[in-house]
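Chain letters run A, B, ... following the sequence lines, proteins first and then strands; every chain starts at 1. Hydrogens, waters and symmetry mates play no part in the numbers below; they use all other heavy atoms, side chains included.
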Protein chains: 4
Amino acid sequence: MPWHPSYRGRVLEPDYLFASQHLVPHLLHALCAHLQAVARLEVARSPEAQAEIATLHRALEGLEATPLPAQGPDVPDAYFAIQRELEEALGAHAVSWVRIGLSRNDLDMTVYRMRARELLLGTGEQLLTLRRALAEKAGAHLETVLIAQTHHQPGQPTTVAHYLAAVEALLARDSERLLGAYGRLNRCPLGAAALAGSSFDLDRGLTASLLGFDGPVENTYDAVASSDWEAEVVSVAQSVALNLSRFVCDLLSWAGAGWYRLGEGLVQGSSIMPQKRNPVALEHARTRFSRALGAAGMVLYSSHNIPYADLNDFGPDVQGALQVQHVQLEGGIELLLACLEGGDFDTERLRAAAATTDTTATELADELVREGHLSFPEAHALVGRLVAKLQGEARPLAQATVRDVSELGGPELDPRALRAALDPDAFVRRRGGGGPAPHAMAEQLQRARRRAERDVAALEGRRQALSSAREDLRAP
Amino acid sequence: MPWHPSYRGRVLEPDYLFASQHLVPHLLHALCAHLQAVARLEVARSPEAQAEIATLHRALEGLEATPLPAQGPDVPDAYFAIQRELEEALGAHAVSWVRIGLSRNDLDMTVYRMRARELLLGTGEQLLTLRRALAEKAGAHLETVLIAQTHHQPGQPTTVAHYLAAVEALLARDSERLLGAYGRLNRCPLGAAALAGSSFDLDRGLTASLLGFDGPVENTYDAVASSDWEAEVVSVAQSVALNLSRFVCDLLSWAGAGWYRLGEGLVQGSSIMPQKRNPVALEHARTRFSRALGAAGMVLYSSHNIPYADLNDFGPDVQGALQVQHVQLEGGIELLLACLEGGDFDTERLRAAAATTDTTATELADELVREGHLSFPEAHALVGRLVAKLQGEARPLAQATVRDVSELGGPELDPRALRAALDPDAFVRRRGGGGPAPHAMAEQLQRARRRAERDVAALEGRRQALSSAREDLRAP
Amino acid sequence: MPWHPSYRGRVLEPDYLFASQHLVPHLLHALCAHLQAVARLEVARSPEAQAEIATLHRALEGLEATPLPAQGPDVPDAYFAIQRELEEALGAHAVSWVRIGLSRNDLDMTVYRMRARELLLGTGEQLLTLRRALAEKAGAHLETVLIAQTHHQPGQPTTVAHYLAAVEALLARDSERLLGAYGRLNRCPLGAAALAGSSFDLDRGLTASLLGFDGPVENTYDAVASSDWEAEVVSVAQSVALNLSRFVCDLLSWAGAGWYRLGEGLVQGSSIMPQKRNPVALEHARTRFSRALGAAGMVLYSSHNIPYADLNDFGPDVQGALQVQHVQLEGGIELLLACLEGGDFDTERLRAAAATTDTTATELADELVREGHLSFPEAHALVGRLVAKLQGEARPLAQATVRDVSELGGPELDPRALRAALDPDAFVRRRGGGGPAPHAMAEQLQRARRRAERDVAALEGRRQALSSAREDLRAP
Amino acid sequence: MPWHPSYRGRVLEPDYLFASQHLVPHLLHALCAHLQAVARLEVARSPEAQAEIATLHRALEGLEATPLPAQGPDVPDAYFAIQRELEEALGAHAVSWVRIGLSRNDLDMTVYRMRARELLLGTGEQLLTLRRALAEKAGAHLETVLIAQTHHQPGQPTTVAHYLAAVEALLARDSERLLGAYGRLNRCPLGAAALAGSSFDLDRGLTASLLGFDGPVENTYDAVASSDWEAEVVSVAQSVALNLSRFVCDLLSWAGAGWYRLGEGLVQGSSIMPQKRNPVALEHARTRFSRALGAAGMVLYSSHNIPYADLNDFGPDVQGALQVQHVQLEGGIELLLACLEGGDFDTERLRAAAATTDTTATELADELVREGHLSFPEAHALVGRLVAKLQGEARPLAQATVRDVSELGGPELDPRALRAALDPDAFVRRRGGGGPAPHAMAEQLQRARRRAERDVAALEGRRQALSSAREDLRAP
């Protein structure tokens with residue numbers, strides 16, 4: 001009964017290749033864990049059975065070091081390829097123990113969740129590296145004034161630290177989402193068999209524990225048929241990608257304005273324009289986030305309008321899509337990290353730019369409320385007229401005088417107070433409470449660092465749990 | 001300075017309409033809370049100021065009972081319409097207090113989050129109603145055998161209870177996701193002003209608390225510029241919609257097979273085919289989930305590749321899209337609930353269907369391992385031959401005899417053991433540990449109910465916190 | 001048999017409302033056309049029948065002027081509401097003629113296609129208005145030099161005309177796509193009945209013609225079950241939205257740099273920043289394109305993984321989504337048009353900006369090939385060194401001298417040739433063949449205008465065909 | 001100036017790998033064509049230049065047979081790798097000719113369009129194979145009655161031929177879309193250089209023709225900056241995938257009901273359920289269409305909200321996404337073809353199924369109109385009562401008698417007329433005009449075959465044009 005060439009070429013072969021590249025160690029571990037549960041069954045109580053099972057366990061472990069054999073003409077998948085290989089070495093009977101109460105359904109779903117854990121941990125760790133890099137660079141720019149643009153226009157002075165800390169806080173919520181997703185998917189399907197469970201009394205808590213899961217997925221139908229964990233994995237990735245698309249958008253603008261400069265290894269010249277120095281690493285980060293966003297659709301469509309027990313759609317056929325999304329997201333973050341580490345803000349240019357905008361207008365209005373006893377709308381209107389008047393005279397707001405203000409009907413301000421109200425540095429210093437004031441900002445960053453440490457510890461705890469389980473699983 | 005007719009007709013007017021339908025109460029509350037923080041500032045310490053502020057607070061509350069006035073030609077939005085209305089009643093000075101340290105940026109983002117809380121709570125409560133309905137119907141069908149299909153083919157016997165409990169467990173994870181999303185968005189932007197905070201020392205903890213938030217969004221840039229909470233709201237909705245699309249797919253199949261019957265008010269006839277009785281309520285639920293899935297794209301694209309401080313894209317312009325998705329999801333769940341309450345499984349037909357399939361084959365193989373001392377692959381192969389043989393004789397597997405088994409080289413089984421192995425009810429009873437065995441299933445449902453109660457309490461706690469804050473906010 | 005309140009509230013009522021707002025005239029026309037085919041049947045050959053049919057036709061037309069009555073408790077949809085209303089006036093027998101050989105399936109699909117034609121024509125005409133506005137503005141800026149940025153860096157001089165003509169050419173292909181989509185959907189489903197056609201010998205060519213279709217959808221199953229035309233409608237809209245998202249991205253950058261200035265009615269101030277003048281109309285155009293892109297998902301998901309004859313998913317339930325996308329796209333284009341008509345390039349600033357970049361470097365390299373007999377890579381390298389040298393001396397490339405070139409090992413250029421090679425205007429004049437050279441550009445624009453006229457004529461032809469059919473359909 | 005390891009590892013290396021697998025021949029041809037245009041320039045008029053150019057052309061052709069060398073540490077991409085390789089063989093001067101007036105921008109966009117042509121032609125040809133297979137199978141089932149389901153309920157009798165011809169007609173429109181997309185993208189960017197064109201007078205018509213394009217993209221900015229052709233390529237693929245998702249949905253239902261049977265090489269057993277024979281090839285086709293649908297998002301997001309002249313997003317970075325979508329779509333169609341060729345309808349079961357439904361009810365109502373002189377609503381109501389009555393007596397409608405009808409108040413029908421009205425075969429025979437009547441259907445299929453031949457010829461014409469151009473391009 002040979003497979004149809006199309007089925008073989010379009011399904012079995014690419015799946016086999018993917019399994020050999022990404023899944024085999026997980027598959028072997030899952031088989032070992034299941035075998036331990038079989039070893040505790042009544043049918044396996046004889047010393048002969050125990051010996052066969054121990055031998056099989058060691059043989060499964062031994063396969064970790066060797067590549068999967070070439071796919072034979074009648075072997076559908078890696079699971080059967082492994083059985084076939086072991087049968088040649090140990091005989092069919094010894095190998096048969098692992099088949100008791102096991103279906104490809106629960107086995108595959110276990111393996112896919114193990115793989116998804118790795119993807120999430122990888123993304124989670126990279127995200128932490130990025131958050132720490134942001135906090136570090138923020139710490140170096142506590143007093144670097146940056147004119148924040150809103151609506152593509154100069155808005156108000158803030159600092160590089162304030163901006164970067166905001167991005168870090170945004171990503172900290174993505175770390176939370178990721179850890180939540182990890183917790184929800186880290187449940188073991190084994191023991192669910194095809195979907196109704198097994199009449200063999202398999203210890204599902206044991207297999208779950210041996211594979212580092214927090215426990216079994218209780219309901220066996222749920223265990224093999226639910227694909228919600230995949231939708232959550234891609235949604236978390238979408239969130240990260242969407243958030244970072246906005247950060248990259250600003251970095252590219254700033255690179256264009258000469259406010260942010262990339263090191264040599266991250267820019268590229270033109271084959272035709274001799275003067276060019278393109279910030280290509282940032283551009284390629286942008287596209288990776290776009291593709292990570294789009295790739296989610298492959299996973300979502302695959303689970304849409306299909307029967308609850310159909311597994312192929314979100315099983316073998318969608319693992320490659322998860323991988324594609326992961327590679328894009330990972331690539332984007334890595335490029336962004338390179339641009340943070342191999343680039344920096346040009347504080348000279350930022351300072352020069354700040355001096356030419358009228359972005360302290362808000363503070364002048366605030367000061368007119370406090371010191372000039374105007375209502376805010378009055379102050380806002382007065383400053384609006386002042387800005388217009390000075391622009392007509394080609395003077396920046398920073399050069400406004402006490403007389404300029406009073407001529408427009410405003411109160412007499414103290415010249416030093418006026419000067420201070422128009423100074424971007426003072427603007428920034430006056431805004432604590434979550435704003436850019438350097439002292440408050442330093443404290444905020446301190447809290448951000450502690451939050452990051454807590455998340456690092458959470459991820460390390462997850463990694464550690466996997467290692468410990470791995471040790472417990474080893475054949476005696 | 002009149003607005004361009006296109007800007008007015010395409011932006012200002014639809015936004016004003018949306019605000020009047022969905023946002024005004026939130027807007028008034030946010031203004032009241034901000035006013036309380038202004039009342040504690042140095043600039044407002046005079047008795048006159050305190051009196052004006054108290055009057056303004058009461059006037060703001062008074063507006064809750066009246067509709068927003070028609071949009072005047074020079075009024076851009078609801079915020080300015082409210083000011084205008086109050087200025088006519090109280091004079092410009094009294095109203096000006098609310099403008100201190102406030103920007104439409106932090107105000108709008110606060111209002112949008114307050115609205116999103118309502119959407120999430122609404123979805124969350126509906127989801128709980130659905131989970132309870134599933135658990136209840138599951139409890140009524142602990143012993144109703146259902147042939148689970150995998151790959152569009154009869155797979156194994158399980159029970160209606162097992163299936164419905166799996167769906168409930170799946171949705172319980174969506175409840176978790178929703179509560180996580182709620183916690184992350186329930187932070188208050190007020191005090192962030194345009195994005196750099198204010199030089200007025202506004203008590204951000206106070207405003208957050210008066211509006212029922214868990215606290216302020218610490219970093220003020222993050223407070224107004226981040227859109228991650230919207231992406232999370234639509235992702236949670238996508239997860240629910242995707243999961244339910246699979247449940248509806250099965251219900252529609254079962255309705256087609258006569259296994260699930262809908263009441264009269266949920267089916268529709270045909271204008272041309274007299275014999276028709278179409279399960280349209282289920283179909284329309286399906287489409288609502290499809291549209292809820294697709295609607296997420298409107299929100300995701302809107303935040304893609306835009307500067308981090310651009311707010312219009314995910315501010316006024318995307319609230320309608322959140323609403324569209326919410327209406328679809330809510331409609332789908334409500335229709336599904338109606339179909340659960342106004343429909344039921346036809347246990348007679350399910351029983352009849354179970355008798356004609358060969359789906360106890362797995363259990364017979366298991367029994368041959370336990371009692372016949374075959375290895376599982378041997379047993380699997382033997383039962384495979386047995387099924388083929390009987391199909392050739394047009395006999396169902398349920399009628400297999402001891403002799404049928406032995407003729408194919410199998411062991412002599414005890415006739416009663418064979419009978420039991422081929423009985424769908426026994427198949428189900430033998431599968432506890434997360435499987436359909438009624439006794440274990442009843443316990444699983446008990447845990448599911450407790451989990452649902454816990455989630456109900458969590459949602460009620462969230463509702464309660466909003467009510468309490470509402471009380472605290474009222475003018476003395 | 002009252003409908004379940006959920007079914008009524010979530011399905012029947014919103015559908016009835018949508019039909020009353022958007023579909024009734026199409027529905028009445030489709031019924032009239034079908035009636036004409038019935039009138040030619042054998043069963044209707046008696047004078048009494050002919051009289052009843054003529055009366056019914058006039059009564060249907062009469063309903064166009066009146067709003068749909070409120071939805072009665074037992075009326076599922078507009079089709080039955082219309083019948084009910086007419087039965088009261090004409091008696092049941094007269095109205096029954098329209099039911100012969102008609103199903104809601106073929107009727108609804110006809111109506112939805114008629115509605116989609118309107119959406120496409122509306123978009124198509126707006127697109128043409130935009131293309132003409134682009135060509136007109138291009139014609140006014142044939143010599144306005146614009147420094148084209150690539151990779152967010154100054155690239156090469158071109159002209160505003162060249163840029164805008166490129167956008168126009170891009171949109172011309174969208175017009176083509178739209179006309180292609182129109183042609184494919186402009187086929188009439190009537191006569192398909194439920195899906196198998198009718199045993200009454202209805203003249204499908206007649207009904208198609210009376211409704212302005214190019215002919216019937218030949219295969220009756222295809223006629224009612226295919227949803228490809230909806231996917232094409234939303235894909236065309238996605239193409240337009242995606243293309244315009246890029247144009248708006250540039251306009252916003254240019255507005256930020258002061259290169260493009262919007263009139264007063266298209267900008268908005270800030271409630272807190274007195275100096276602000278935000279190009280909000282452009283921002284809101286951007287978001288509308290984002291939402292139009294995302295809205296496509298609602299339509300695509302709705303047709304995914306559903307049986308080929310299930311119609312609700314892409315029938316009543318998706319018309320609102322088509323409308324949502326259309327409103328977004330239309331709004332975005334209208335805002336963009338307002339920004340083109342109520343805004344312009346600041347040629348002074350563009351000229352000043354051009355003078356400070358080194359973007360004629362390519363032309364200098366080309367000149368070194370032509371006049372200096374270097375190979376292009378040699379010339380490219382030499383100019384690269386020259387730019388670096390001058391930047392070190394804080395001199396723009398435009399001030400390079402013959403001696404600068406020769407000192408770096410380059411050939412002795414004629415001073416006038418050097419000057420010309422470094423002049424942005426000359427750069428532009430030297431690039432015909434699809435490039436910005438004003439003379440060639442004027443010809444290109446001439447061709448663009450003719451192409452636009454051709455497309456206008458195609459759309460007018462489509463409109464005209466609908467009007468003519470409308471005349472033919474009128475009751476004698 | 002070594003590249004940053006992240007830039008190298010995440011961008012340059014994967015792009016180089018992709019180019020070596022998919023792009024090199026196109027790249028070499030594009031370089032040869034450009035070289036021919038350079039050869040006609042004034043700067044190349046010397047015999048030495050002509051000789052160098054001829055040598056270079058031959059050397060470029062020679063590279064087609066050899067793999068791209070390993071990527072050196074300072075080589076960014078395939079274009080520079082090829083230059084480097086040739087410089088070693090021919091010297092720098094000879095190779096430099098190809099650099100005149102050429103940018104990676106126009107070169108790459110040309111290459112990507114050449115690649116896209118191949119993808120479209122591949123899909124187009126596969127689609128034609130599928131359409132012909134559908135027409136062929138339809139021809140074999142002109143009289144095979146199939147009960148069409150609507151709303152997941154038995155609707156009306158039709159034939160397998162009618163159904164398959166509908167799918168063919170649906171796909172024929174996709175062929176049209178694909179050919180339209182091909183025509184729009186088959187324009188050559190060469191000569192656009194960076195985007196402003198070149199001051200060298202390159203013959204753009206020549207290069208376009210030598211590469212089999214229908215002509216140059218007129219506007220050079222449009223030539224390199226527009227990404228609409230990619231959006232159209234993925235939209236066409238989405239249309240095909242969406243349409244086929246519905247066809248597969250039915251095939252899977254029919255496989256589940258035993259109406260459609262797959263050959264052995266296309267089904268798979270279960271590792272745990274011995275009785276299983278799963279139609280996996282169909283399932284895997286379904287998932288491929290889901291992924292092709294989702295993959296479009298990668299391409300669409302990449303062009304969203306980016307400057308009009310940014311090319312990386314839809315250039316190198318999105319070619320892999322186009323490939324991913326193509327592989328999924330191609331895989332799905334190939335599997336579907338295998339299922340059509342290696343499977344068939346079970347006419348026995350279809351006939352048996354048709355006999356037990358009440359789906360001729362419509363025809364009976366029609367007959368009561370024609371022969372019984374009832375109005376259609378009266379007839380519809382009467383047949384509705386009749387069906388209900390018979391169901392209460394557990395009798396199928398097919399057994400209704402003249403007396404059954406008259407007892408319910410209906411007219412006396414001729415027994416033969418009643419029999420005919422209830423016969424599924426007669427039902428089908430009475431429905432021509434696009435319906436399933438075998439004679440009319442045979443004619444419809446004849447037209448479908450001619451349409452397919454016309455489309456085959458169109459694709460062959462496209463292929464032929466590419467081959468001819470390839471011949472013209474060869475070095476003398």
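Interface remark: of the candidates B:E363, B:R385, B:M273, B:Q391, B:M273 forms the most heavy-atom pairs closer than 4.5 Å to chain D. Per-residue counts of heavy-atom pairs under 4.5 Å with chain D were compared for B:I272, B:L364, B:D358; the largest is that of B:I272. Of the residues considered (B:T362, B:L382, B:V387), B:T362 shows the highest number of contacts with chain D, using heavy-atom pairs under 4.5 Å.
Annotation for B:A421 and B:T360: closest pair O-CB, 3.6 Å, computed over non-hydrogen atoms. Residues D:A231 and D:V234 share a closest heavy-atom pair of O-CG2, 3.3 Å.
Inspection of the D:Q156 and D:T359 side chains reveals no N or O donor paired with an N or O acceptor under 3.5 Å. In summary, the side chains of D:Y260 and D:S253 do not present any donor paired with an acceptor at a separation below 3.5 Å, with no hydrogens or angles considered.
Looking at B:L282, there are no atoms closer than 4.5 Å to chain D (heavy atoms on both sides), in backbone or side chain. Both the backbone and the side chain of D:Y301 have a heavy atom closer than 4.5 Å to some heavy atom of chain B. Proximity to chain B involves both the backbone and the side chain of D:T150, based on heavy atoms less than 4.5 angstrom apart. Only the side chain of D:E283 has a heavy atom closer than 4.5 Å to any heavy atom of chain B. Within the 4.5 angstrom heavy-atom criterion, atoms from both the backbone and the side chain of B:V383 approach chain D. Of the atoms belonging to D:R277, it is backbone heavy atoms, and not side-chain ones, that fall under 4.5 Å from chain B. Only the backbone of B:P154 comes within contact range of chain D, with heavy atoms under 4.5 Å apart.
A cation-pi arrangement is absent between B:R291 and B:F289 under the rule of less than 6.0 angstrom and at most 45 degrees off the ring axis.
Judged purely by atom type and a 3.5 angstrom limit, D:S226 has no side-chain atom pairing as donor or acceptor with the backbone of D:D228.
Aromatic ring orientation, D:W259 versus D:W254: parallel (interplanar angle below 30°, classes split at 30° and 60°).
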